[in-house]
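The structure under discussion appears below in the form of structure tokens.
Letters A, B, ... are given to chains in the order of the sequence lines, protein chains preceding strands, and every chain is numbered from 1. Just so it is clear, the structure is predicted and the values come from calculations on it, not from any experiment.
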Number of protein chains: 2
Amino acid sequence: MSASREDTAARRPGRGAEPYTLASLVEVAATAFLERGYDATSMEDLSRAAGITKSSFYHHVSGKEALLRGALDRALDGLFGVLAEPAALEGPPVDRLRHIVRRQVEVLATELPYVTLLLRLRGNTETERWALARRREFDQAVASLVREATEAGATHPQVDPGVAARLLSGTVNSLIEWYRPGRVPVPDLVDAVERQVFDGLLGASG
Amino acid sequence: MSASREDTAARRPGRGAEPYTLASLVEVAATAFLERGYDATSMEDLSRAAGITKSSFYHHVSGKEALLRGALDRALDGLFGVLAEPAALEGPPVDRLRHIVRRQVEVLATELPYVTLLLRLRGNTETERWALARRREFDQAVASLVREATEAGATHPQVDPGVAARLLSGTVNSLIEWYRPGRVPVPDLVDAVERQVFDGLLGASG
DNA sequence: GTCTATAATAGGATAGAC
DNA sequence: GTCTATCCTATTATAGAC
């Protein structure tokens with residue numbers, strides 16, 4: 001762990017701005033976790049990124065795990081919010097799937113650090129296992145839709161729907177590995193992922 | 001980190017078997033890293049998994065980073081080996097791409113712990129940055145092929161080839177998130193990924 | 001080659017002054 | 001709210017006996 005740790009710009013709340021809130025510190029933490037990984041990021045790193053000492057940092061937050069939990073909550077809220085949208089609940093399976101994929105890309109893009117944290121969990125603590133369980137719920141909802149779509153004859157039947165669903169989720173989630181805000185306009189990204197997922201590289205339609 | 005750490009079965013070299021080699025310990029380490037993550041796995045965990053004490057473990061290996069390096073070497077050898085195969089070097093871009101995707105799935109499946117480690121790197125140490133640079137080389141070779149295929153008119157032109165290449169790699173690499181040996185026969189997996197990547201979920205051909 | 005014991009340090013968390 | 005100083009445990013790594 002010899003990498004420079006000064007590259008995250010320190011930022012204190014400006015004159016007259018809000019004091020440190022859990023949400024603002026979760027944001028700082030998630031950004032740092034995104035760069036170096038959760039385990040490799042120390043509380044010292046985080047406090048410096050927030051522009052205060054480690055002790056002061058502890059005055060605002062109970063510990064590292066609380067930051068993790070706050071970030072995971074935000075990620076899961078975003079994802080489950082998509083499942084609750086009307087267009088995800090009504091209509092032919094393929095249309096609902098299309099809507100979910102498109103909105104999921106938007107959530108990944110806008111909540112990038114939080115979702116990244118969720119997708120990199122290994123289940124080492126109780127908090128992590130809880131979040132992983134919720135994530136599995138989300139994946140299973142998507143998998144059910146893929147199965148329905150296959151039963152309705154909308155997808156090619158040669159591939160096991162369970163495997164197809166995992167590859168679909170994998171394609172969408174892989175965004176966290178390279179997408180960074182501003183690089184590609186989100187609407188373009190949404191279209192690209194939809195196309196790749198439903199039509200593949202060779203895509204007949206369009 | 002309160003998770004049980006006794007779940008990895010201890011294994012010592014059997015009577016008359018080879019003594020501990022770097023390769024055998026790298027194998028033990030990579031398997032443990034796959035479960036808990038690199039940072040969250042201690043040398044104590046690793047030595048116990050190998051069936052000896054931490055001190056004895058250090059007698060065979062210089063440190064944690066050497067194990068990481070050994071595992072990354074193996075992953076990169078597998079991937080670059082694919083690029084060097086005749087079918088990856090000759091023929092129309094789409095055919096070469098198809099071959100690489102299929103073989104890459106096989107390498108991921110057979111070298112799962114090693115490739116997983118490679119794909120989860122954050123670049124925190126010099127070793128990690130070196131491996132990430134080599135990985136980028138591989139990805140760029142694939143991206144070049146996607147660009148060639150697009151220029152040859154083989155793929156639909158609406159999606160930026162750079163983005164398409166990243167989504168392609170993302171789909172293939174996402175295997176490490178769920179594939180475990182024995183669950184799905186490798187040939188089926190290879191076919192499923194090829195289909196998803198080139199034809200998508202709705203896939204016209206076949 | 002394996003062990004017990006121990007160094008050396010990093011990192012999470014707290015005490016208490018200001 | 002912020003700081004300096006400190007505690008305490010986990011972890012990497014080494015010393016030296018057998």
Can a salt bridge be assigned to the pair E44(B) and R48(B) using a cut-off of 4.0 Å between side-chain N and carboxylate O?
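Yes, charged N to carboxylate O under 4.0 Å.
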Could you tell me whether D191(A) and R102(A) have a side-chain N and a carboxylate O separated by less than 4.0 Å?
yes
Rounded distance in Å - [atom1] ([X]) to [atom2] ([N]):
X	N	atom1	atom2	value
L46(A)	dA13(C)	CG	C1'	14 Å
K64(A)	dT9(D)	NZ	P	19 Å
R36(B)	dT11(D)	CZ	C1'	14 Å
M43(B)	dA10(C)	CE	P	17 Å
E44(B)	dC3(C)	CD	P	11 Å
R48(B)	dC3(C)	CZ	C1'	16 Å

Verify, without hydrogens or angle tests, whether S169(A) (side chain) and R166(A) (backbone) share a donor-acceptor contact under 3.5 angstrom.
no
cation_pi(R69(B), W130(B)) dist<6.0 Å, angle<=45:
yes
Below 4.0 angstrom, which residues in residues 52-61 of chain B have at least one non-hydrogen atom near DNA chain D?
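Result for residues 52-61 of chain B: K54(B), S55(B), Y58(B), sorted by number.
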As a quick check of understanding, evaluate side-chain contact (heavy atoms from CB on, under 4.5 Å) for R134(A) and L72(A), giving each step before the final call.
CA-CA 10 Å; R134(A) 293 221 68 200; L72(A) 295 176; over 6 Å; no
Under the criterion side-chain contact (heavy atoms from CB on, under 4.5 Å), I'd like the reasoning laid out for R122(A) against E35(B): C-alpha separation, chi angles, the key distance, then a yes or no.
CA-CA 7 Å; R122(A) 303 307 308 149; E35(B) 283 176 27; 5.6 Å; no
